[in-house]
Amino acid sequence: MPAVETDQASVRLDKLRQLEALGIDPWGQRFDGRTPIGEIRLLEPLPFDDANPQGQRVTAAGRIVRHRTGGKLHFLELWDQSGRIQLMIRVNKVSELEWKVLNLLDLGDIVGVSGEFGKTKVGELTIQVDQLTFLTKSLEPHPKDVFGLGDMEYRLRHRYLDMIYTPETLKRIQQRVKIVRTIRNHLDDQGYVEVETPTLHAIAGGAAARPFDTHHNALDLDLFVRIALELPLKRLLVGGLEKVYEIGRVFRNEGISPRHNPEFTMLELYCAYGDLFSIMELTEGVFGACVDVLGLGKILPYGECQIDFTGPWPRVLYADIFRQTVGVDLFDEVGVRTAATDNKIHLELRDTKAGTSTPKQHEVLVHELFEHLCEPELAKSHQPTFVYDYPAALCPLTKRKRENPKLAERFELYIAGMELANAYTELNDPITQEATFREQLTGMNADDSMAKMDDDFVRALRHGMPPAGGLGIGIDRLVMLLTNTTTIRDVILFPLLRPETK
RNA sequence: GAGGACGUAGCUCAGCCGGUAGAGCAGCUCACUUUUAAUGAGCGGGUCGUGGGUUCGAUCCCCACCGUCCUCACCA
């Protein structure tokens, strides 16, 4: 007895050949007149009555995701991006050719159908098919969806299957689109203009992160892929755009975690004549619009907790939360060093390559203490909280407070322990800007410094940038928060994975 | 970068003390004109991530590598 061909892909290829033998194009043609399944499901479902058909005629197209065969009666489920619906196909309702095609269908094939919409005896919304059009053959077996897709790697390497068989995935994609569109509408309504600025930068400024390097051959020029949108947008403020924003991809050559992907999407906006506090209100407005568009009320679940987005949100001073949590004053250098030692924070930065170590500057220690002690404290409440007035040394692009130049007018928005937004009253004094670009924080890795001399940017400021407020929002984290998603990989369609090696 | 866990059929997963592999679904064949994870009968399907080692014998123990996940570090 010859070996039976059992490989599922081969079986499917064989069915493709059989379709061709029947004169069917296995890759299909234009198919007009379909209605999304989600809309069909809203029609009035009348019970089927052969003698007196009253149901509405509908046409749909999509993927076969289930197939219950009977002798002369088949039930299938058809899936499209708007939903699923049952198909009922009876032998005496379709042509002989269509019946042969039906018996060659595999899970994952794409078909178009027309027929009467109604409900079966048990009340299931159904299309009783009288026209079956084959549209696309699937040559690979699809995962059986009954128990869902469990393996993260499989889901990420086959995102297209994840979209079909893990309903939450498609839903999150759709919600992300809604959220981003809502942000654009909200800003456009307030007179903001959206722009696109370069991705390739000669100087990777605007944030503290390691950039990706690249090279332009014709100019023989080393370049970086942008790590932030900030500096080009502020040049546009100089140029007279008063309310400007960009939603764009930025790239940071750093670790990957449930909250970090090497490329992610940022919103940055700048508002001439605004400041830190006008930006707080704007931020509440943007978040509020996004929360509203989901239509789930003002209180959304995130993991174990409930987040109440009703504004205005609490505003707490960095210095206050520092004093309360760490127990010493922000500017108490001795106290801070003691607290750092007590909390096992190293007072020196060791450069293992150079074999040297440098004592860390006061503000670096302050912020390490803040991250170790204050951020967990902030995470306990889960509720949106603005933390503002940061140590100036940590903020080279931020305007100093007039009454205390050791503080800068910066806030970060914390929700559920995540940093969701970062905003400044923008530094528009070119003399101070040049000085902060020159000042390297001592005890901080040079790669990580936000202070990178950018003469061209300083020159722009020297021509006069209006006082302004600026805001950055991590769109991926915002979508995570609003869609109750705990890993950034599930709000990014194709997060970075190592390529498979055969 | 450090530590931990995992990798078995198309998918989801079992596999005990080391004795050469199992289930459900999917696939194939047959039956079935109202199913809902349809049902009934039967049949196929595996380089147990890769490469070494120990052993009479390795999916199982050891080492290395590859990949994924988690925690930490990094991300001021």
Side-chain angles (χ1 to χ4, degrees), chain A residues 1 3-12 14-15 47-48 50 65-77 84 86-93 106-108 118-126 128 138-158 161-162 165-166 207-210 227 250 252-262 264 346 349 352 360-361 363-372 375 390-391 393-396 410 412 419 422 441 443-445 447-451 474 486-487 489 495 497-502:
Chain A
M1 198 168 140
V4 186
E5 183 54 85
T6 52
D7 176 61
Q8 296 196 38
S10 303
V11 170
R12 283 166 180 255
D14 183 57
K15 288 180 180 171
F48 291 114
D50 280 351
V65 292
R66 268 186 209 156
H67 194 170
R68 296 181 281 277
T69 59
K72 292 169 180 154
L73 171 69
H74 290 225
F75 291 96
L76 299 88
E77 268 175 50
R84 289 181 179 212
Q86 176 168 269
L87 307 178
M88 175 166 66
I89 306 186
R90 298 201 279 176
V91 67
N92 58 357
K93 289 278 183 183
D106 281 309
L107 296 181
K119 58 182 177 185
T120 59
K121 284 177 184 167
V122 292
E124 181 72 25
L125 301 184
T126 299
Q128 181 165 219
S138 167
L139 288 176
E140 288 290 331
H142 283 225
K144 185 55 191 156
D145 66 325
V146 173
F147 303 107
L149 299 184
D151 180 47
M152 188 57 141
E153 184 177 1
Y154 184 87
R155 291 178 51 215
L156 295 182
R157 293 198 193 280
H158 306 79
L161 296 177
D162 189 34
Y165 299 107
T166 310
R210 290 179 58 189
I227 58 172
V250 298
R252 298 185 180 178
N253 202 343
E254 286 165 353
I256 295 175
S257 85
R259 289 180 180 186
H260 299 84
N261 192 60
F264 61 101
H346 297 294
L349 180 86
T352 46
K360 288 179 183 170
Q361 190 170 324
E363 286 83 355
V364 175
L365 291 177
V366 165
H367 203 64
E368 288 185 17
L369 280 167
F370 184 86
E371 291 187 324
H372 274 84
E375 287 192 0
Y390 278 60
L394 303 171
C395 315
R410 170 185 186 178
E412 291 207 355
E419 295 167 35
N422 183 21
L441 285 178
M444 181 170 287
N445 197 320
D447 282 346
D448 297 336
S449 175
M450 204 197 279
T486 52
T487 171
R489 288 160 217 264
L497 281 187
R498 236 177 249 281
E500 281 177 288
T501 48
K502 263 286 178 187

Parallel, tilted or perpendicular: which fits the ring planes of A/Tyr165 and A/His142, with parallel below 30° and perpendicular above 60°? perpendicular
Is there a donor and acceptor pair closer than 3.5 Å between the side chain of A/Glu124 and the base of B/U35? no
Charged N to carboxylate O under 4.0 angstrom, A/Arg157 versus A/Asp151? no
Below 4.0 Å: OP1/OP2 of B/U33 and any side-chain N or O of A/Arg90: no
Over all strands shown, is A/Arg489 touching base, sugar-phosphate only, or nothing at heavy-atom distances under 4.0 angstrom? sugar-phosphate
Using the P atoms only, state how far B/C62 lies from B/G18, rounded to an integer number of Å. 11 Å
Side-chain donor-acceptor contact under 3.5 Å, A/Asn422 with A/Arg410: yes
By the 4.0 Å heavy-atom rule, please label A/Glu77 as base, sugar-phosphate, or nothing. nothing
Please classify the nucleic acid contact of A/Asp151 as base, sugar-phosphate, or nothing, using heavy-atom distances under 4.0 Å. sugar-phosphate
Using a 4.0 Å heavy-atom cut-off, does A/Thr126 contact any base of the nucleic acid, only the sugar-phosphate backbone, or nothing at all? nothing
For B/C17, measure the glycosidic angle (O4'-C1'-N9-C4 for a purine, O4'-C1'-N1-C2 for a pyrimidine) and name it syn if it falls within 90° of 0, otherwise anti. syn
Does B/U54 fall in syn (glycosidic angle within 90° of 0) or anti? anti
Do A/Arg12 and A/Asp7 meet the salt-bridge criterion of a basic N to acidic O distance under 4.0 Å? no
Does A/Phe370 reach a base, just sugar-phosphate, or nothing at all? Heavy atoms under 4.0 Å. nothing
So which nucleotide does B/A9 pair with, by the Watson-Crick or G-U wobble rule with both distances under 3.5 Å? none
For A/Lys15, report the nucleic acid contact type (base, sugar-phosphate, nothing); a contact means any heavy atom under 4.0 Å. sugar-phosphate
